[in-house]
> 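What follows is a structure written as structure tokens; I'll ask about it next.
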There are 2 protein chains.
Amino acid sequence: MARLSDVIEEFIKTLLRESEGQLELQRNELADYFECAPSQINYVLATRFSLDQGYYIESRRGGGGYIRILRLDVDRNDYMHYLLSEGIGNRISENNALQIIKRMMDQEYITQETAYLMKSAVTDKAIGIPSSLRDNIRASILRSMITAVMAWDSRKT
Amino acid sequence: MARLSDVIEEFIKTLLRESEGQLELQRNELADYFECAPSQINYVLATRFSLDQGYYIESRRGGGGYIRILRLDVDRNDYMHYLLSEGIGNRISENNALQIIKRMMDQEYITQETAYLMKSAVTDKAIGIPSSLRDNIRASILRSMITAVMAWDSRKT
DNA sequence: ATTATATTAAGGTCAAAGAAGGTCAAAAAT
DNA sequence: ATTTTTGACCTTCTTTGACCTTAATATAAT
């Protein structure tokens, strides 16, 4: 018997194929459909639709809430994927971060303007706190922004 | 699926656009039109037309009462300067930061893409560290990015 | 005609209920 | 031992309704 999680995974991937890599779903509805606990949907998303696997997830609670899944264009974003999975890690110096941003710009993954903005967010000065935590925070922010760039890109088809 | 509050928000914003940023409406009439509780109008106003978000509301009860909504169209640089000098300060919550970014986008001070990127840099998740320092760091980063937007702009003239 | 009172027509507040999604750990299955 | 499934509990956002306050107008009393 195929594991339910696998079935749900396939189901979502089919939907994604039919909708050009972008879709919105209702967690409870889906759980209902498969007669499983709602949290199983989260499990599927966490184990099969992670960033490393090339997916980006946004959600909103409350009435009219939703879960939005974006399939990132992996081929086109090879370098950025590498950055997210290994290239950055938990800590990164100001210099390294600036270099990475410059390279993304050179490769035309991002515009000059975006590069400028990203740089502004990862400088020592921006992050403030004079502590060893700074490099960790920087890494986290940089990763978040790179993810955003990718998600934005695949969003407008 | 679409949240009623969102529909009402859009409705009001459209009216505002058509009337040069100033309009008067009848709470009960609007509630009637959307077939909702009158207090839902207040909810929409409170959550989407706050001062922070650039709107000012006046109202009057009793016969001939009304709700007047004004969109505050401050000069772009004025607003950003205000943000830098007083609006943000040393600490800012995730929600407030997102609101400010949304407003800058609404008023077309920044593009949707830039807004998306900026948001990604100031979320709790991006900043990581679970500590009271987070709001300080966020304020600092947000200020830095706003400065960058301004600088970028004045650079290409 | 003037003043006091009642009625009606607005809008305001707040808390409870409802409608999502999130987290985490225990139990079950492989 | 690892992965999957389930369920209890949490957080966030929205919707609804009961009750309150204020203003204008109509009516009654002086």
Side-chain angles (χ1 to χ4, degrees), chain A residues 1-13 15 23-53 55-70, chain B residues 1-13 15 23-53 55-70 93-99 102 119 122-126 128 130 134-135:
Chain A
M1 177 183 63
R3 287 186 293 298
L4 219 209
S5 287
D6 290 342
V7 177
I8 296 174
E9 175 188 359
E10 262 325 298
F11 182 80
I12 292 175
K13 285 188 172 162
L15 287 184
L23 91 96
E24 233 172 75
L25 53 84
Q26 235 68 32
R27 188 181 74 151
N28 290 334
E29 207 174 84
L30 198 58
D32 244 38
Y33 181 70
F34 286 106
E35 287 170 321
C36 65
S39 55
Q40 179 147 15
I41 306 301
N42 296 83
Y43 176 72
V44 172
L45 294 178
T47 56
R48 282 120 157 121
F49 294 87
S50 71
L51 211 50
D52 279 354
Q53 290 162 99
Y55 298 88
Y56 182 72
I57 309 235
E58 288 170 344
S59 68
R60 206 176 155 167
R61 310 184 186 193
Y66 59 83
I67 294 179
R68 178 181 300 143
I69 305 173
L70 300 167
Chain B
M1 186 180 56
R3 279 169 293 266
L4 218 210
S5 288
D6 289 344
V7 177
I8 297 174
E9 175 188 359
E10 263 324 298
F11 182 80
I12 293 175
K13 284 187 173 164
L15 288 184
L23 92 95
E24 234 171 74
L25 53 83
Q26 235 69 34
R27 188 181 74 151
N28 289 333
E29 206 175 87
L30 198 58
D32 244 39
Y33 181 69
F34 286 107
E35 287 170 322
C36 65
S39 55
Q40 180 148 14
I41 306 301
N42 297 82
Y43 176 72
V44 172
L45 295 179
T47 56
R48 283 119 158 118
F49 294 88
S50 72
L51 208 51
D52 274 358
Q53 287 162 103
Y55 299 88
Y56 183 70
I57 307 229
E58 287 170 344
S59 68
R60 211 178 155 152
R61 311 183 185 194
Y66 59 85
I67 294 179
R68 179 179 300 144
I69 305 173
L70 292 119
S93 71
E94 180 181 49
N95 246 307
N96 268 208
L98 296 180
Q99 269 179 15
K102 182 161 185 294
K119 283 184 199 165
V122 299
T123 55
D124 281 352
K125 214 175 155 203
R134 200 167 44 194
D135 286 358

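Each chain gets a letter, A, B and so on, in the order its sequence line appears, and its residues count up from 1. Since the structure is predicted, the reported quantities are computational estimates derived from the model, not experimental observations.
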> In whole angstrom, give the distance that lies between atom CZ of B:Arg3 and atom P of C:dG21.
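About 10 Å, once rounded to whole Å.
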> What is the distance, to the nearest angstrom, from the CD atom on A:Gln26 to the P atom on C:dG22?
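Roughly 11 Å, once rounded to whole Å.
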> Does A:Lys13 make a cation-pi contact with A:Tyr55, if we ask for NZ or CZ under 6.0 Å from the ring centre and within 45° of the axis?
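Negative - A:Lys13 is either too far from the ring of A:Tyr55 or too far off its axis.
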> Between C:dG12, D:dT15, D:dT5, which one does the side chain of B:Ser5 approach most closely?
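In terms of side-chain proximity for B:Ser5, the closest of C:dG12, D:dT15, D:dT5 is D:dT15.
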> Whole angstroms only, please: what is the CG-C1' distance between B:Leu98 and D:dT12?
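Roughly 14 Å, once rounded to whole Å.
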> Mark yes or no for a side-chain to base donor-acceptor pair under 3.5 Å between A:Arg27 and C:dG22, with no hydrogen or angle criteria applied.
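In this structure, the two groups form a donor-acceptor pair.
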> B:Ile67 has an atom CD1; how far is it from atom C1' of C:dA9, in whole Å?
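Spelled out: CD1 on B:Ile67 to C1' on C:dA9 is 14 Å.
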> Nearest to the side chain of B:Arg60, heavy atoms from C-beta on, is which of C:dA10, D:dA24, D:dT4?
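Nearest nucleotide to the side chain: D:dA24.
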> Measure the distance from CZ on A:Arg68 to P on C:dA20 and round it to the nearest whole Å.
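Rounded to the whole Å, the gap is 16 Å.
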> Using a heavy-atom cut-off of under 4.0 Å over every strand shown, decide if B:Gly65 touches base, sugar-phosphate, or nothing.
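Here B:Gly65 touches the backbone only, sparing every base.
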> Go through the steps for A:Tyr66 and B:Arg3 under the test side chain to side chain contact (heavy atoms under 4.5 Å, CB included), then give the verdict.
CA-CA 11 Å; A:Tyr66 59 83; B:Arg3 279 169 293 266; 4.1 Å; yes
> Is it true that atom CD of A:Glu35 has more than 12 heavy atoms of other residues, nucleotides or ligands lying nearer than 6.0 Å?
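No, not enclosed.
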> Heavy atoms only, 4.0 Å cut-off, all strands: where does B:Ile57 land among base, sugar-phosphate and nothing?
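The residue B:Ile57 makes no contact with any strand.
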> Please determine, for the side chain of B:Asp6, which listed nucleotide (D:dT5, C:dG12, D:dT14) has the closest atom?
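Between D:dT5, C:dG12, D:dT14, the one nearest the side chain of B:Asp6 would be D:dT14.
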> What residues from residues 28-50 of chain B pass a heavy-atom cutoff of under 4.0 Å to DNA chain C?
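Residues of residues 28-50 of chain B that come under 4.0 Å of DNA chain C are, in numerical order, B:Asn28, B:Ser39, B:Asn42.
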> Is the closest basic N to carboxylate O distance between B:Lys102 and B:Glu9 below 4.0 Å?
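Here B:Lys102 pairs with B:Glu9 in a salt bridge, since their nearest N and O are under 4.0 Å apart.
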> Given the side-chain rings of B:Tyr56 and B:Phe49, with only the six-membered ring counted for Trp, is the space between their centroids under 6.0 Å?
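When the ring centroids of B:Tyr56 and B:Phe49 are compared, they turn out to be at least 6.0 Å apart.
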> Checking side-chain polar atoms at under 3.5 Å, does B:Gln40 have a donor or acceptor matched by the opposite partner on B:Ser5?
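Per modelled atom types, B:Gln40 and B:Ser5 side chains form a pair under 3.5 Å.
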